[in-house]
Every structure is written in structure tokens, then in C-alpha cells.
Amino acid sequence: MPRTLDGQITMEKTPSYFVTKEAPARISAMSKDAKLIVVVRDPVTRVISDYTQTLSKRPDIPTFESLTFKNRTTGLIDISWSAIQIGIYAKHLENWLQYFPMSQILFVSGERLITDPSGELGRVQDFLVLKRIITDKHFYFNKTKGFPCLKKAEGSSKPHCLGKTKGRTHPNIDPEVVQRLREFYRPFNMKFYQMTGHDFGWDS
Ligand SMILES: Nc1ncnc2c1ncn2[C@@H]1O[C@H](COP(=O)(O)OS(=O)(=O)O)[C@@H](OP(=O)(O)O)[C@H]1O
């Protein structure tokens, strides 16, 4: 991490921190005051997205269904599959709360980051005690891509849109499998809503 001067904020991002058992203790040892921002999305869409990303790199992996179930007939989910585990947000959060208070953690909704980017960025700026510099006028929705793009400062070049590897088309998954995953995650989601005091709307 670079040195931080007065008036500067140093930021670092790695998606796997949130699900790495040792990360909270290590980050707390480095800085007890660190603010933590986690982007979360519906764990069911998340696992499908995760699978889609792996499939794009290794087209020979087993089917989504065979990775999801330990036993297809009984509907037993294979929680040893890391893609399934990552979406059990309440469990990961419990680990972080051993080292950081909730007041130092902000959960950003991945869904709202698409539908209302300036709203979510507003929450981020407030959390970091920054002036709300990024607002509505910094975004426009790219219909082809299905994501908002960030307009850069006046006079600068092209806006920044997400790259080719973002927003991959997900494969069609049997609705029964999706339903079973919804049932699996529901209790964990409820716990997560309760812990964060925020209903992310994945179960409504
Ligand atoms: N800004 C923003 N807002 C909302 N959603 C976003 C954003 N950036 C990335 N994404 C979505 O996150 C999914 C994983 O993206 P990445 O490819 O960046 O993941 S990774 O960094 O390679 O792990 C991937 O999801 P899918 O659309 O399901 O593929 C991205 O589209």
C-alpha cells in the first residue's frame, strides 16, 4: 500500500478479502480504523455469474447443475463448491465482526450500482466523509451494454464503460435448480439483512 499523506485516502480492492478467513485479523492489525466497502449482489445470480466467468476461461468444466448439487435427487447443495460458499454473506460477515464494528463496514448493492449508480456512490461518499462530488450527471445508461457508464471530467476524453469481460450472458439454468438455490440462500440472506439492518430485496 502506498503511503497516505494528510488529506488523502488510500484505497485497495480485492474481491476475495471478504471471504478469506485470515483477512479481518490481518487488516485489523494493519489499521483498526480502516473502512471496509463490500459490493454484494443476489447470491443466486452471483453463483451463476461466477460459473459463467470460469466457463469462459475453461469451457470443459462440468455443468452448473453437477457442481451445484451433492445429490440431485434430494436437492442437497454442495457447499464445498467455493462459488456456493461465497454467497453465504452472513457467515463471512460474522468473521469480520470479530474485528470490525458494523459502523466501519458499508455494503453496496450490486443491483443498485446498475439501476442507481449515483445513489449508491452517494452512500459511498457519505461513508467516506467525502463531499458528494459524483452525482447523477456523471452517469449515463448504455442500453447495449446494460450498464451505466461514467462520464469523466469536462473536456476529458471518452466516458468509461465496463470492459468486454463484464456483463457476460449467463447460460440458461433450469428454473427448478434456481428455485432450489433460492431456498438454500433464503435463511442466510435473512440473517444478513438482519445483521446489516438492510433488506437487499433478493427474496421478495
Ligand atoms: N460497476 C459495476 N456495477 C455492477 N456490476 C458490475 C460492475 N462491474 C462489474 N460488475 C459485475 O460483477 C461481475 C464480476 O465482474 P468482474 O469480471 O469484474 O469480476 S472479477 O473482478 O473478474 O472477479 C460481473 O457480473 P456479470 O454481469 O454477471 O458477468 C460484472 O458485470
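When a ligand or atom number is given, it counts from 1 through the structure's own listing order.
With a 4.0 Å heavy-atom cut-off, ligand 1 is reached by no atom of T52.
Listed for the T20 side chain is a donor-acceptor partner under 3.5 Å among the backbone atoms of S16. Side chain of K35 to main chain of F127: a donor-acceptor pair is present (N/O by atom type, distance under 3.5 Å, no hydrogens or angles).
Protein heavy atom closest to atom 19 (O) of ligand 1, with residue, atom name and distance, is Q53 NE2, 3.5 Å. Residue, atom and distance of the protein heavy atom nearest to atom 27 (O) of ligand 1 are G167 CA, 3.0 Å. Closest to atom 10 (N) of ligand 1, if we only count protein heavy atoms, is L162 CD1, 4.4 Å. The closest protein non-hydrogen atom to atom 28 (O) of ligand 1 is H170 NE2, 2.6 Å. F147 CE2, 3.7 Å is the protein heavy atom nearest to atom 5 (N) of ligand 1.
A salt bridge does not link E94 with K91: every distance from a Lys NZ or Arg NE/NH1/NH2 to an Asp or Glu carboxylate oxygen is 4.0 Å or more. Taking the charged nitrogens against the carboxylate oxygens, E120 and R123 do have a contact shorter than 4.0 Å, which makes a salt bridge.
Remark: E176 CD to E65 CD distance equals 9.0 Å, nearest 0.5 Å.
Short contacts between ligand 1 and S49, defined as distances under 4.0 Å to a heavy atom of the residue, involve ligand atoms 25 (O), 26 (P), 28 (O), 29 (O). Of all atoms in ligand 1, listed by their number and element, those nearer than 4.0 Å to a heavy atom of I114 are 4 (C). Close approach of ligand 1 to L113 is summarised as follows: ligand atoms under 4.0 Å from at least one heavy atom of the residue are 3 (N).
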Is there a side chain to side chain contact (heavy atoms under 4.5 Å, CB included) between F141 and I114 once you walk through the steps? CA-CA 9 Å; F141 195 78; I114 297 169; 4.1 Å; yes

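Partners of Y51 by ring-ring contact (aromatic ring centres under 6.0 Å, His included), not counting sequence neighbours, listed by chain and number: F64.
Within the set K166, E111, K145, the minimum heavy-atom distance to atom 18 (O) of ligand 1 is found for K166.
Of the N and O atoms on the side chains of S31 and D33, not one donor lies less than 3.5 Å from an acceptor on the other residue.
Look at R41 and you'll find a heavy atom under 4.0 Å from some atom of ligand 1.
Note that atom 14 (C) of ligand 1 has no protein non-hydrogen atoms nearby, at separations under 4.0 angstrom.
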